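A short worksheet on the structure shown next.
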Amino acid sequence: MRLSLLAFGILFLTHSVLAQSKLNYVNPLIGTSKMGHTFPGATVPFGMVQLSPDTDTIPYAVDGKYNPDVYKYCAGYQYEDPTIVGFSHTHFSGTGHSDLGDILIMPTSGKLQLNPGVSANPKGGFRSAYNHQNEIAKPNYYSVQLEDHQIKAELTTTTRVGIHKYTFSEPDSAHIILDLVSGIYNYNGKNVNTYVRVLDEFHIVGFRQTSGWAKNRTVYFAIEFSKPIKSYGYDDFQSKKVYQGFWRKFNLKADFPEMSASQLRAFFDFDLDGSKELLLKVAMSNVSMEGALLNMTTEAPNWNFDDYKKAGEDLWSQELNKYEVQMLNEGDLTNFYTAVYHTCLGPTVYQDVSGLYRGLDFSDYRNPDDQLNYSTFSLWDTYRALHPLFNLVQRKRNTDMVLSMIAHQHQSAEKMLPIWSHYANENWCMIGYHSVSVISDAYNKGLEGIDYNKALDACVQTARTRYFEGIDSYMDLGYVAEDKSGSSVSKTLEYAYDDWAIAKLAYGLKRMDIYEEFFKRSENYINVYDPNSGFMRAKLSSGKFIEKFDALETHQAGYIEGNAWNYSLYVPHQVESMIQLMGGKKRFASHLDSLFTMQLADKYFEHTEDITREGIMGSYVHGNEPSHHVIYLFDWVERPDLTQKYIRQVLRTKYLPKIDGLSGNDDCGQMSAWYIFSSLGFYPVCPGSDDYILGSPLVQTAKIHLENGATIDITAKNQSEKSCYVKAVYLNGVKMKDFKLNFQSVKNGAKLVFEMTDKPAKTF
C-alpha cells in the first residue's frame, strides 16, 4: 500500500524529531569536571579537528619538576575554571596524559594584549572571564560569551576545518590573537619552531613543530578571515637569539609577511565597518600548508556557519541513530547517548582530503579513495571494549583503523605495531602490545579488506621485540622479571593475553608453528601466581617472589595503575584455568565477591593520579581499565546474580548525567564503551574470542542497526530499578543455556529477550 503524502510527511517528521531528540540527549560537558578529562567543544565524528576552549595555561613543570596541577588539563578544559584563554583545534578525549592544544585563537577588543595573563587577574592578559549560564555545548556546536571582551564566540567544524563566528560589541577595535605558544602539557622547549605567512589580506598559512609526548610532530594550518586584515604583527617570547642574521634589516614585528619563532603570538586587526561579525575558517593538515588550503576549499568553501553546524549535526545523528533505546528515565538516555558520542571522538582521521598523510618515517603516503588513515590509538584502554564495539557498529572504520596500525608497523623504525600512538608518532605510553588484540578480534569478527597474513607477521614481529618492556626476560624466563623491567606482573599478564590473541589469529590462518609458540606463551600468567598468597606477584630473575608484598597496595613493585587484587584477575583468555589455579569455583566466587565488599583505604591509591575514590566500589576499581572485565567473571562460577547486581550498581553510581558524572578518565571512549555494552546486556570479556558474556541490561528495549542492514533487537521484560536480576534469556525465541552469546549468532541480526526479576538466581 502506498503512503499518502500526508502520512509520509508525518512519518518523515516523526523520524526527524526522534533523530533530533537523540542529539538533545548528548551533553558534551559530562566529564569536564574532576576525572573525566573530556572536552566540550565542537567536532564531527572521528574528526581531525576538535575545536574547544582551553581554560588555563598550566605548565607541565615548575622549577624543573612535574607540576601535578597540569593533570586536570589533559583535555584543555576544566569546568571549575573561571576564565578561557582561547580556542584550540586539537584535543584528546578522556586521557590521563596529554599533548596537542594546537593553533589557539582568541578574539579580543579594546587595547591589544599579547600575554594570556593569569586566572586571578584575567584583565591583565587577553584571557576572559565567562559564565556557564552563557555557555552552550552540543554535538558540533559550542558557544560562550567572553565577558571581558563582550564577544560572543560560536564554534563548529567539518572533519578537517574549524569554523569560528565572533560577534563583537565594539566592532572598531577587533583583534584576533593567533597563539602558537600555547599548548596542552606545555613547557619551555616543547615548541621547536612556529611559522606564519600572510598570503593576502584574507589568508594566512603556517605550521607548528613540537616535541612532547609525540617526539616529532608538525601541524600545518591555513586560516581565512571573512573580513580583510587591516594590520598585523607578532611578538616573540623566546629567549633572545645570539645570531639574528640579516633579517634585522626589516621591521619584522609589523606588517611583514613572514613570522618565525619558537614562541610566537601573532595578532590581526580588523575594521568591521559597523558589522559586528567576524568569521574564521581554520583548516588543519599533517602534510603541508598547501594540504591545509585544499582541505579548507574542499570542506568549507563558503561562509554559511549554520550549514556547517547542521551538516555536522547530521553526521552525529547518523552515529546516534545506530542505537535506538528506551530506558527507565531521561538521565539514562543522557548517559547512553553521551556515551555513544564519546565513543566517536577517537581514533581520529589523520589524512588530507587528497588521501595524503605523513607517516612515522616522515614520508608522505596516499590512501585509496575508499580508505582513511587514523591516529590516536590509546590501545591499553580501547582494545577492551571500544574496538569490539566498532566491530559491531563501525566495521568499515575499524577495518581502516587496523590498516592504519599495519601501516604504522611498516613505517616504524622499530617495526612494531602501535602501543599508544598519535600524529604519526609512537609515544610508548602504557604496557602490552594490544594492537594484536584489535587485529585478532577483527579477524575473528570477519572484517574484510585486510591482509591477515601480513597482519600476523606484524603481530609476531612486535611480540618478539626483545628490547621492549621486559620481553627479553618474558621470552627467556616465562615471565617479566621485576629486576629487569618494572610493572612486571602487569606486563606478564597483558603479554600472555596478547599472545593468546596472536595464537588465535595464527590458528585461523593455519600457521601452526606460530600458533604453538604463542599459545605456550599465553600460559605464562601461571608463572607469576603465588599459591601462598593467592595473588599474582612480582618475581625476580632468580625465580624468587619479591619479599615486600601487600595485595591492596597500588604503588608497590609489579603493577601499574592497579594492585594485586585487581590485576590478579586478569586472565581473560583462560578464565576456567585461572579459577582452578586459584582454588576452584567456590573459593574463587568468595574471593571475587570480597573485591566488591571490602573497602579500599585511601592510603593505597592516594598518590596515583588515575585512581580516585569516585571510581572505586569496595576495592573494585572501575575508574581505570584493568578491572573492566572483572564483574563478568561471576558468570563462570555459577553466580550470575552477582554479575548482575554489581553491573547495575556500577551503571547507577559510576556514570551520572552530571558535569562530574564520569568516575574516571573516559580514556578515548573505553569507559563509555563499557557503559554501552553493559547497558545492552553483554560484554566482550575476551576480545578475539567468539563470545560476549551476558550481564544485566539497563535498557528497556534497544535496536542496534548494523552496517549490513540487519538489526539486533533487545528487550528487557519487567525492567525496573529493582529488577536487576535475569531470570531467563531467549535468543531468537530459544532459551539460552549458558552465559555466552556468540557473535556468529547476532552478526546478521537477532532478537534477544531478557526476563528481568527482583529475585537473584544462580542460573539463567
Side-chain angles (χ1 to χ4, degrees), residues 384-385 493 496-497 500 522-523 525-526 528-537 551-552 562-598 600 616-622 625-651 674 677-678 681-697 724-729 731 735-742 754-764:
R384 304 168 197 266
L493 296 174
Y497 161 72
W500 173 87
S522 76
E523 296 181 321
Y525 65 91
I526 297 170
V528 291
Y529 179 69
D530 173 20
N532 293 323
S533 67
F535 294 98
M536 306 291 182
R537 186 170 172 179
L552 293 173
N563 60 18
W565 257 102
N566 283 269
Y567 247 114
S568 294
L569 300 167
Y570 185 83
V571 189
H573 56 295
Q574 292 188 8
V575 176
E576 293 91 344
S577 298
M578 175 185 67
I579 291 169
Q580 291 306 309
L581 188 68
M582 294 185 173
K585 288 185 178 181
K586 186 175 180 179
R587 182 178 177 183
F588 184 84
S590 176
H591 173 84
L592 184 58
D593 195 34
S594 297
L595 180 68
F596 294 88
T597 56
M598 65 181 180
L600 185 65
I616 297 173
M617 188 170 77
S619 289
Y620 164 73
V621 181
H622 188 76
E625 276 64 33
S627 301
H628 273 193
H629 67 294
V630 166
I631 285 180
Y632 288 87
L633 298 181
F634 288 107
D635 280 354
W636 272 270
V637 291
E638 299 171 3
R639 292 303 307 270
D641 57 312
L642 293 178
T643 283
Q644 296 152 17
K645 169 186 172 181
Y646 291 131
I647 285 173
R648 184 63 64 94
Q649 287 184 19
V650 170
L651 290 171
W674 191 98
F677 267 123
S678 295
F682 54 96
Y683 186 80
V685 165
C686 183
S689 77
D690 292 333
D691 296 321
Y692 304 108
I693 306 304
L694 294 177
S696 173
C724 68
Y725 299 106
V726 179
K727 183 167 61 175
V729 185
L731 177 62
K735 186 176 181 180
M736 295 183 64
K737 296 180 179 180
D738 65 15
F739 54 89
K740 296 180 180 179
L741 175 67
N742 190 276
F754 293 83
E755 289 189 358
M756 309 299 291
T757 176
D758 60 358
K759 297 178 177 59
K762 295 184 180 181
T763 59
F764 288 109

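Bear in mind the structure is a predicted one, so any value in this text is a computation, not a measurement.
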Item to complete: Kindly say whether C724 contributes a backbone atom to a donor-acceptor pair with the side chain of S696 at under 3.5 angstrom?
Response: yes
Between F677 and Y692, how do the two ring planes meet: parallel, tilted or perpendicular, split at 30° and 60°?
tilted
**Asked** Do W674 and V650 touch side chain to side chain, with heavy atoms closer than 4.5 Å?
**Response** yes
The reported gap from OG in S627 to CH2 in W565 (rounded to nearest 0.5 angstrom) is 11.5 Å
- Task: Check whether any side-chain heavy atom of N563 sits under 4.5 Å from a side-chain heavy atom of L600, and report yes or no.
- Result: yes
Closest heavy-atom pair, S568 versus M536, reported as atoms and distance to 0.1 Å, is OG-N, 2.8 Å
>> Ring-plane angle category for F596 and Y646, please: parallel below 30°, perpendicular beyond 60°, tilted otherwise.
In response: parallel
Original post:
Has the side chain of N566 got a donor or acceptor atom that lies under 3.5 Å from a matching backbone atom of S619?
Top reply: yes
Keeping H622 on the side-chain end and H628 on the backbone end, is there a donor-acceptor pair under 3.5 Å?
no
* Is there a donor-acceptor pair closer than 3.5 Å between any side-chain N or O of S594 and the backbone N or O of S590? -> yes
When rounded to the nearest 0.5 Å, the distance separating NZ of K645 from CD1 of I631 is 11.5 Å
Between the CG atom in L731 and the NZ atom in K737, the distance rounded to the nearest 0.5 Å is 13.0 Å
Steps toward side chain to side chain contact (heavy atoms under 4.5 Å, CB included) verdict (T643, F739): CA-CA 11 Å; T643 283; F739 54 89; over 6 Å; no
CE (M582) and NE2 (H591) are apart, to the nearest 0.5 Å, by 5.5 Å
* To do: Without swapping roles, check the side chain of Q644 against the backbone of V726 for a donor-acceptor pair under 3.5 Å.
  => yes
Minimal heavy-atom distance between I616 and G618, with the atoms involved, is CG2-O, 3.2 Å
Is the closest basic N to carboxylate O distance between K585 and E638 below 4.0 Å? yes
Problem set entry | Audit row: L592, R639, side chain to side chain contact (heavy atoms under 4.5 Å, CB included) steps and yes/no | CA-CA 11 Å; L592 184 58; R639 292 303 307 270; over 6 Å; no
What one should report as the nearest heavy-atom pair of I693 and D635 is CG2-OD2, 3.1 Å
- Please assess C686 against Y632 for the test side chain to side chain contact (heavy atoms under 4.5 Å, CB included), listing each intermediate value before the final yes or no. CA-CA 11 Å; C686 183; Y632 288 87; over 6 Å; no
Rounded to the nearest 0.5 Å, the CG atom of D691 sits from the CG atom of D738 at a distance of 8.0 Å
Can you tell me if K740 has over 12 outside heavy atoms packed within less than 6.0 Å of its NZ? yes
In this structure, OH of Y683 is separated from CZ of R384 (nearest 0.5 Å) by 7.5 Å
**Request:** Can you label the angle between the Y570 ring and the H629 ring as parallel, tilted or perpendicular, going by 30° and 60°?
**Result:** perpendicular
Heavy-atom closest pair (P697 atom, R648 atom, distance to 0.1 Å) is O-NH2, 3.1 Å
Smallest heavy-atom separation, F535 atom then A564 atom, equals CD2-O, 3.7 Å
Scanning both residues in full, the closest heavy-atom pair of D641 with P760 reads CB-CB, 3.8 Å
Notebook entry, point to check: Please walk me through it: do Y529 and M578 pass side chain to side chain contact (heavy atoms under 4.5 Å, CB included)?
Noted result: CA-CA 10 Å; Y529 179 69; M578 175 185 67; over 6 Å; no
